[in-house]
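Naming: A, B, ... by sequence-line order, numbering from 1 per chain. From a predicted model like this one, the values you see are computed outputs, not experimental measurements.
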Amino acid sequence: MLVSSRKRLLIVGHGMAATRLVRDLEEKSPGQFAITIVGEEKLGGYNRVLLSSLLAGESDEASLAMQDQSWYRQHEILLIAGDAVSGIDLGRQSATTESGRKLNWDYLVLATGSRAARLPIPGVGLEGVMTLRTLHEAKQLIARSRDAGNPESDKKAVVVGGGLLGLEAACALWARGMQVTVVHNESWPMNRQLDGEAGELLRRTLEQRGIGFIPEANCVRFESDARGETVSTLLLADGRRLPCTTAVMALGIIPEVSLARQLDLVVERAIVVDKWLQTSDERVFALGECCQIESELFGLVAPIYQQADILSAVLLYKATTGAERISHDVDDHASVLPHYQRQPLPTRLKVSGVDVFSAGMMASPDNSAPLRSMAMRDGHTGHYRRLWWRGNQLVGAVMFGDIGDSSHYLRLIEEGCSADSSPATLLAPSTRVAS
Amino acid sequence: MNSIRTTCPYCGVGCGLQTDSKSGNLLGDSQHPANGGRLCVKGSALSETLGSQTRLLQPRVDGLQASWDHAIGEVAKRLEKTIRRYGPESVAFYVSGQLLTEDYYVANKLIKGFIGSANIDTNSRLCMSTAVAAHKRVFGSDTVPGCYEDLELADLVVLTGSNMAWTHPVVFQRLMAAKQQRPEMTIVVIDPRRTVTAEQADLHLQITPGSDVWLFDGLLAYLAMHDAIDRQYIEEHTNGMDEMFMASQTRSGRLGEVASRCGLTVEKLQAFYQQFAQTQSTVTVFSQGINQSAHGVDQASLILYCHLATGRVGKPGSSPFSITGQPNAMGGREVGGLANMLAAHMDIENADHRELVSDFWRSDSLPEKPGLKAVDMFRAVADGKIRFIWIMATNPVVSLPESDRIIRALAGCDHVVVSDCVADTDTLRLAHIQLPAAAWGEKNGTVTNSERCISRQRAFLPLSGQALPDWQIISRVAEKLGYGHAFDYHCAADIFREHAALSGHQNNGSRDFDIGALATLSNAEYDQLTPVQWPVPAHQTSVFLTQLQGTSRMFADARFFTRDGRANVVPVDMPARLDVTDVDFPFVLNTGRIRDQWHTMTRTGLSSRLQRHISEPFVELNPEDMAELNIGEGAIVKVSSVHGHCVVRARPQPGQAVGSVFMPIHWNDCFASKARVGALAPSRVDPHSGQPAFKQIPVKLRAVNVQWHALLIARATLPLPENQYWSRRQMGDWQVVTLAGTEPVSMNTCRTLWGEHVTAWTEVEDDDGEHLRLLGTGENGAQLWFAKAPQPPQIDESWLLDALLADDAAATAMSVPALLLGIPADPSAQRAGPLVCTCHNVYQSTVVAAINAGCDEVEKVGSSCRAGTNCGSCIPEIKRLLAENQPAEAEEAVCCH
């Protein structure tokens, strides 16, 4: 029979990684696998990156979809939504879902993503204390901010965490009329992506908008209103009480690895895969936020799309050649197949009116030779940019205000071509990029 | 507006200018015999130098502003006091080839005729006195026999010690035009440097510095030995020629020996000698390379001898020709502005001449002995023998040798009076009394150019501030001293008539300088006076001005102004040793002018255009020497002699002989930290003329180890961070300062130094402050721009200056990163390399682009990008760029075949 001749591919999780993977598979070799995707969200496969934009009112729900439902039908991909895989039998190569469905597979891909981290303090269970991870949560937040623009309203929000997502959420809630305060446990916002100077500029810009920023903050507990159900304040260790009707915890993500652990796959902070996305079991793969390659974890879309591209090639190769584990020991594999390569990850803050760009590194990872840096500050506009070099190699860039040259910096960082630590590289990077 | 004709204030070519009756702009005067309408870059830029921003506008006495009455009173009082106490020899005037003949005449008359001191000397001592001494010794008078036309008529033109393409561009253009018409004409350039002039020559003799004397001695010997002489002329019109032949043949009769002394191949030497021997129509032009030498009079004499021996004096297309550096060096010579002359080409040591002048001036105090020549004069100031000195229109602290000693001498002098038209010069800084003189364009009078042509300088501008013409200042002092009766002049014409009358007084052809015909000019006729070459003796008095006949050439009749009418061929002393270097000072420094600057830059320094050809003080040296000394291009170099040192930028120059370096004379303490080349020059002078040997100075060089280079562009004169080197120039509204130094300069240092001018900073800074860029903005837009880096910051200066000026909204309208970088974001807007064509603002990159686009001739380059189509001073450089950049097109052609 035709169907049984195809290898069965089960993908657990229907986030952006899974969506991209099936797209790549179907583009490269349509119909090669009998694909089943199981996702616990009712609507899966949407662009999660746009959630803060949706929250800010800059995108609508329709624009979040990555593929419409008809596409899955056309490609005969079985979508199981609103259900979660609860158990996997490696020996029998089968899986069961919470609703009791039994699914057989030849290859298993774990794309379980991650969960939003939550504060380990009292009161996180109160109504109004939220994270922003899913479309459902985004919609809830929109509902909670309704009427905030009304002059009589005193809807206040606290965002815990001044990273990229936290600031996007803060700005989104601010755009919906809420009074927003960001509390952060480091000295400046986006401290992973920005140096102190750019962080300070960003803080000032937020404050000029009316978004409060409290650095070096330790949260003690969320406190409820008189009825004891809804959050009313956040208590900080220094005794300050921040009134809030909504609190968003944007503390980063925790890879979802519970299934992998059940399977006794090698798991550290996330599911350990090699550069071909293979787990310790040669029939099982993982990609996206739930995996780690060497020590690198993933949260941005670009490297995950790279993984999808690699994994689709690996799967097709294995299915067509019957190859077992891909490894360096087998020359063919290494030469035929792409493998994961670490790349500088540019970050842009997606908040209207605040242009921030960051790529590469700001400090030497091994402390061997300190990086050299050079900055430009524009006293009129407040624009700022700083580059970091190791020797004659540009390794990092931060821009604040005007990010027009960011693509040139990125190319210089990516291509590793020589760009000396001179003002010309800082001020006219286009002249340094080989045409 | 009527068009006013006048004469250029720069070099000794003496080009005519006229104001455009519509725009008031200055153009070349097509009717002037010297230039026929041509102008060089400096002349073309004159309009840009007429502003009053740097002018001295009021008298100052002991640092305070004073009225003219007070200032004149103080000059007279201090002069009288000094004379009373120390005698007339204790006072001196040091004047200038920049003065007009009338000013000069009055200064000379006051000190020699009435104060009774012969201590008046002039900066012409530094440039023309050797030619004067040689002319007088040989011809019996200071007479330049030929004229510019002779260069056009000659079949052989020898240029020795002259970078004419840069120093006398209009005569050079006339020569080049003639050469183009008659390609068979031969041009020989004798110069230890491969100058742009040398590049245009048919034959360049790149001789050992100072060896001209042997070259011409050898030529004289060669002419005698090859019977290439005019025996009849020698017998009838010279004394002592045969003895000279003997001496020359003995010393220099062997080509091989002469060639090795001169550092030439025998073939090259012989080619020159043969050419000279067989070309009847020969002009030898000599200038500073001959004059500024410790044996200058002897080598100039040898040039005259070679021309006498061949009968080539004062004939059309055949003559020796001394070309002068200054606009009125000749006028100064005519009035007796040198310490060893009297007036009207008469001698101070000649009793008859003294009596004649005494009678004419109705004076009884004429000194009987020559006064002190420039170098000795300032020595006497240092020794306290001269206690009052009045310096007019010149900047001796920059131009004299051992100039650090000049500073000390003036600083220790009882009374220093300086008349000048600008407010700040190195010399003015040492003056007790500063007198504001009228500038070019404001004053009336005459000048005489290198071909004895007297031209009017006419005022076309009102006097600035309280400035007065020099003759008025001097006359008012004379009046205060009680000599009013002899200085009762009402206008420049009064003085000119007296000067002309003196020249014709009891002359009757006995003296070369006779302009008696002009002694009766009415004021109106003086105003109308057209250029005329002296002599114009009095027997022409009946002739109306329009028919005034000047004298193009002299000595065509071979009658000289010696006792017996024959030219005197007197023995010369050959220098025992040419090499001035030793182990401690192993390089020979040559000095000279650059194309776009004049003297000490007080005027040319005001034109932005003229600052773009070469913008910093430099030392040029052969790339081999640079490698040997470990000096990189653009490095800061300390050049030291036994007398002092300079700190300038190194420029590689393959045309510079190994072991031989070159520095320009222009920069001084007003424009650079330490670039007065006079500080290096020894007071070694020619024994006959007293002219210093500026062309062969023993020096040593070493790279100054600077940590950073910087560029500051600012609206105001700003204090500078601690540095080892700076040079400053004015570019329109901007002052551009180039700096280099060792001590760290941080962002904070800069902000503290310049903060009061700035309300917002835009900046670039790296971790250790190695690279800094600053743009400081104030209420009226950009105030300053600063860049500091380990290597000299590379910017597109002309673009940046425009961009900074255009700004107000620099921060928004312009690309701020481009502004900080100093280079336009749009590469096609870049103007790179030095400015080649100053008139049309064409940069080297544009000329090269035109050449690469197929322009293979100067004319085509000109029609493509306009370079070289106005004054033509840059044509030699365009030719060089053509030679350097031709291949692309040529190769393509070869491929096609």
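- By the 6.0 Å contact criterion, CD on B:Glu722 is open, its count of non-hydrogen atoms from other residues, nucleotides or ligands being 12 or less.
- Considering only heavy atoms from C-beta on, B:Thr762 comes within 4.5 Å of A:His380 through its side chain.
- Annotation: the span from A:Leu427 atom CG to B:Ile823 atom CD1 amounts to 9.5 Å, rounded to 0.5 Å.
- A distance of 9.0 Å separates OG1 of A:Thr425 from NE2 of B:His771, quoted to the nearest 0.5 Å.
- Under a cut-off of 6.0 angstrom, the local environment of CG in A:Asp238 is crowded, with over 12 non-hydrogen atoms contributed by other residues, nucleotides or ligands.
- Within a 6.0 Å sphere centred on CD of B:Glu633, other residues, nucleotides and ligands contribute 12 heavy atoms or fewer.
- Rounded to the nearest 0.5 angstrom, B:Leu775 CG and A:Met376 CE are separated by 10.0 Å.
- Counting only heavy atoms from C-beta outward, the side chains of B:Glu770 and A:Ser421 never approach each other to under 4.5 Å.
- The CD atom of B:Gln794 sits 11.0 Å away from the OG atom of A:Ser422 when rounded to the nearest 0.5 Å.
- For A:Arg269, the CZ atom is loosely surrounded, since the number of other residues' heavy atoms within 6.0 Å does not exceed 12.
- When A:Ala375, A:Pro370, A:Gly379 are compared by the number of non-hydrogen pairs under 4.5 Å with chain B, A:Ala375 comes out ahead.
- Closest non-hydrogen pair, B:Asp768 versus A:Arg372, comes out as OD2-NH1, 3.3 Å.
- Here the CG-OG1 distance, from A:Asp378 to B:Thr777, works out to 8.5 Å after rounding to the nearest 0.5 Å.
- Looking at A:Leu371, only its backbone comes within 4.5 Å of chain B, counting heavy atoms on both sides.
- Note that CG of B:Asp767 is 8.5 Å distant from CE of A:Met374, once rounded to the nearest 0.5 Å.
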